[in-house]
There are 2 protein chains.
Amino acid sequence: MQHQRPKIVDVARLAGVSTATVSRVLSNPEIVSAETRRLVEEAIRQTGYRLNQAARNLRIRRTGGVLALVPNLSNPFFSQILAGMAAVLAPAGYNLLVADTRAEGGRSILTYAEPSRADGLIVLDGTLPAEGFAGRLPLVLACEWIPGIAAPRVKIDNREAAMMAVEHLIGLGHRSVAHVAGPRGNVLSEARLAGTEQALAAHGLPAPMVFPGDFSLESGRRAGAAWLALPPHERPTAVFLASDAMACGFIGEVQHHDVMVPRDVSVMGFDDIELVSHMTPALSTIRQPREALGRRAAQRLLDRIGGDDRADDTILPVELVLRGSTAPPGG
Amino acid sequence: MQHQRPKIVDVARLAGVSTATVSRVLSNPEIVSAETRRLVEEAIRQTGYRLNQAARNLRIRRTGGVLALVPNLSNPFFSQILAGMAAVLAPAGYNLLVADTRAEGGRSILTYAEPSRADGLIVLDGTLPAEGFAGRLPLVLACEWIPGIAAPRVKIDNREAAMMAVEHLIGLGHRSVAHVAGPRGNVLSEARLAGTEQALAAHGLPAPMVFPGDFSLESGRRAGAAWLALPPHERPTAVFLASDAMACGFIGEVQHHDVMVPRDVSVMGFDDIELVSHMTPALSTIRQPREALGRRAAQRLLDRIGGDDRADDTILPVELVLRGSTAPPGG
DNA sequence: CTGAAAGCGCTTACAG
DNA sequence: CTGAAAGCGCTTACAG
């Protein structure tokens, strides 16, 4: 396949210089004289030479890859984050490798997280065990985070975001607001629940009824069924769900039982995935800056690989997006 | 980071053999005597040695990577296909690299498709120019395909699948069936449109009204608006859309204008993405075997890399999934 | 079955 | 500024 591919020695021969000089033109052009550089560049053009990254990587002892560990690849929420990462990593000469932490058949995901496979790690799953990462690759945590690990984090303020959502519902006149939480033990779940409770308490309202969930559509549907199972006068008039996927499941279930949104119940999601602006009613939600989250995480990892060892937090702003699924109680 | 990592020479020293022997134990154990092998394996265990893939790859002139070219990474339809690919590639020692053919800022996506970057290519975008692939990497086409390229294809029978969908609508009693097509020039769009026309013609029914689309939610919404704009008695009583995303957009738009599905219009999608089973009404659709598509495509690529040069088609079966969005005309 | 040696295609101290 | 040479960590004909 690559028999004819020119290598550095072919360029050197044609330009009448050593391979060292060609290499310098490639990786450090300013230390080569202008005339020599011109010669070499011309030879590169004539031969059609293209650098072999694998060889360079072996020599400089890096792999040229960055590994992203994602809790669920088939969740569209992550796709745009990954796109943001790739946009920063590619120009810096890194490939983005992606692994799904749930999909690994038995074998530990951490077998990938070693120096011969990747130069750095971006972890988007806060439920991985902290011990696994001790002294391994340069690391950045994005969106979720692992308590007890000192590494840069790129995230939103989940508590604040939840408060914004609930303040909106309170402002519409709702007095009983339920929350459908994310998976137990997940840092996002806890922060969003805490924000919900804090906003209600700040207005002297009772603590929220909390339904269990796991961010999935199906768990939102179950929460809808649980809400429907309540006696009508005990049903919270507004529900804030910790993910848009759950909000879709919830709305689907209650609509299926002839409950009208927002007349009978206001529904607020979290994430602003593309779909929810097309539903009937369109979903009010919290927009996360997904592309920016990915870019910043990648940028912080490049910093880290470059020797910057700060373990600081980058907090990106969210946006309250109001659509048709929320209204004053009673419609 | 990797100063202390043992290498092959450390293992050889401890085991009292040459590096060649250690290498053989690693890649070709059966040609080493049982006793020597035991010694080496013990030394590997004691040193904690792990193979450096980059070095092996340089030596055997492969990269250890397979590149998947996807038209739209943020479409959940592709995520599960990628998961299927990774499940086959990882055990074979290949990393899966993923690139979005639309997201590349100017720079040609084909700069990735070269021997120093990947050992093989799986293309899921039928709109890439055929010339770009001449004499490049081992190639497999999945889902979509590029006319004029001879390579193994792994796909469904899109025309047959469309016929199944339309036969279902006809069976319910619909006599006027519209089609919302995929993007023009896309091979899938054409096959699904052809199947729609063929099924209607086979029953002596008039050709379908065809609305333009591009597989996106938003284009489905526009088709909904176009349908609404027709005088009520001219509206087709059933609509078959070439993607579930478009079906979501369509339903959202018509429901927004107080049209009831399926009472006023039956809607049929294509793909069976997870969400559509949770909508109200749940969507009738064609299920594509996404995971299997990914696995088979990866398997065929491994064959190709291994020297198999057949350019055959693998056709995977689809499934007609009937839910609440389709019913006899008038409800 | 095993070892000595060359080499995959680069980069980089070292010397000039 | 430039070159000769060593070396990144492996694999594999070749010889024994």
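None of the values given here were measured: they were computed from a predicted structure. Proteins come first, then strands; the chains are lettered A, B, ... in the order of their sequence lines, and each starts at number 1.
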Within a strict 4.5 Å, meaning less than it, do heavy atoms of the [X] and [Y] side chains meet?
| X | Y | result |
| --- | --- | --- |
| Asp308(B) | Arg300(B) | yes |
| Pro71(B) | Thr127(B) | no |
| Phe215(B) | Leu188(B) | yes |

Contact class for Val17(A) (heavy atom, under 4.0 Å): base, sugar-phosphate, or nothing?
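Sugar-phosphate, no base atom in range.
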Ser23(A) near the nucleic acid: base, sugar-phosphate alone, or nothing, with a heavy-atom cut-off under 4.0 Å?
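Base, at least one base atom sits under 4.0 Å.
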Could you check Ile8(A) against Arg24(A) and say which one's nearest nucleotide on DNA chain C is further toward the 5' end?
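Residue closer to the 5' terminus by nearest nucleotide: Ile8(A).
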Report the residue (Ile60(A) or Ile31(B)) whose heavy-atom-nearest nucleotide on DNA chain C is the more 5′ of the two.
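Result: Ile31(B).
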Using atom [atom1] of [X] as one end and atom [atom2] of [N] as the other, report the distance to the nearest whole Å.
| X | N | atom1 | atom2 | result |
| --- | --- | --- | --- | --- |
| Asn57(A) | dC8(C) | CG | C1' | 14 Å |
| Leu39(B) | dT2(C) | CG | C1' | 13 Å |
| Leu26(A) | dT12(C) | CG | P | 12 Å |
| Asp10(A) | dC8(C) | CG | P | 11 Å |
| Lys7(A) | dG7(C) | NZ | P | 10 Å |
| Asn52(A) | dG7(C) | CG | P | 18 Å |
| Arg13(A) | dG9(C) | CZ | P | 13 Å |
| Arg62(A) | dT12(C) | CZ | C1' | 16 Å |

Whichever of Glu35(A) and Thr19(A) has its nearest DNA chain D nucleotide further upstream toward 5'
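This one resolves to Glu35(A).
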When the C1' atoms of dG16(C) and dT12(C) are compared, how many Å lie between them, rounded to an integer?
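It works out to 16 Å between them.
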Would you indicate which nucleotide in [options] comes nearest to any side-chain atom of [X]?
| X | options | result |
| --- | --- | --- |
| Ala20(A) | dA5(D), dC10(D), dT11(D) | dA5(D) |
| Thr21(B) | dC10(D), dG9(D), dT2(C) | dT2(C) |
| Leu58(B) | dG9(D), dG3(D), dC1(C) | dG9(D) |
| Tyr49(A) | dT2(D), dG3(C), dC10(C) | dC10(C) |
| Ser18(B) | dT11(C), dG3(C), dT12(D) | dG3(C) |

Would you tell me if any nitrogen or oxygen in the side chain of Arg61(A) comes within less than 4.0 Å of OP1 or OP2 on dT11(C)?
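No, because none of the side-chain N or O atoms of Arg61(A) sits under 4.0 Å from OP1 or OP2 of dT11(C).
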Without swapping roles, check the side chain of Asp119(B) against the backbone of Gly64(B) for a donor-acceptor pair under 3.5 Å.
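Flag set: sc Asp119(B) to bb Gly64(B) pair under 3.5 Å.
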Considering Watson-Crick and G-U wobble pairs with both distances under 3.5 Å, what does dG16(D) pair with?
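Base partner found: dC1(C).
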If you apply the rule salt bridge (Lys or Arg N to Asp or Glu O under 4.0 Å), what do you find for Arg13(B) with Asp10(B), and how did you get there?
CA-CA 5 Å; Arg13(B) 201 169 292 140; Asp10(B) 301 313; 3.8 Å; yes
Taking only Lys NZ, Arg NE, NH1 and NH2, and the carboxylate oxygens of Asp or Glu, determine whether Glu41(B) and Arg38(B) approach each other closer than 4.0 Å.
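Between Arg38(B) and Glu41(B) there is no salt bridge, as every charged N stays at least 4.0 Å from the carboxylate O atoms.
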Report yes or no: is there a donor-acceptor pair, N or O only, under 3.5 Å between the side chain of Arg59(A) and the base of dG9(C)?
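Side chain to base: no pair below 3.5 Å.
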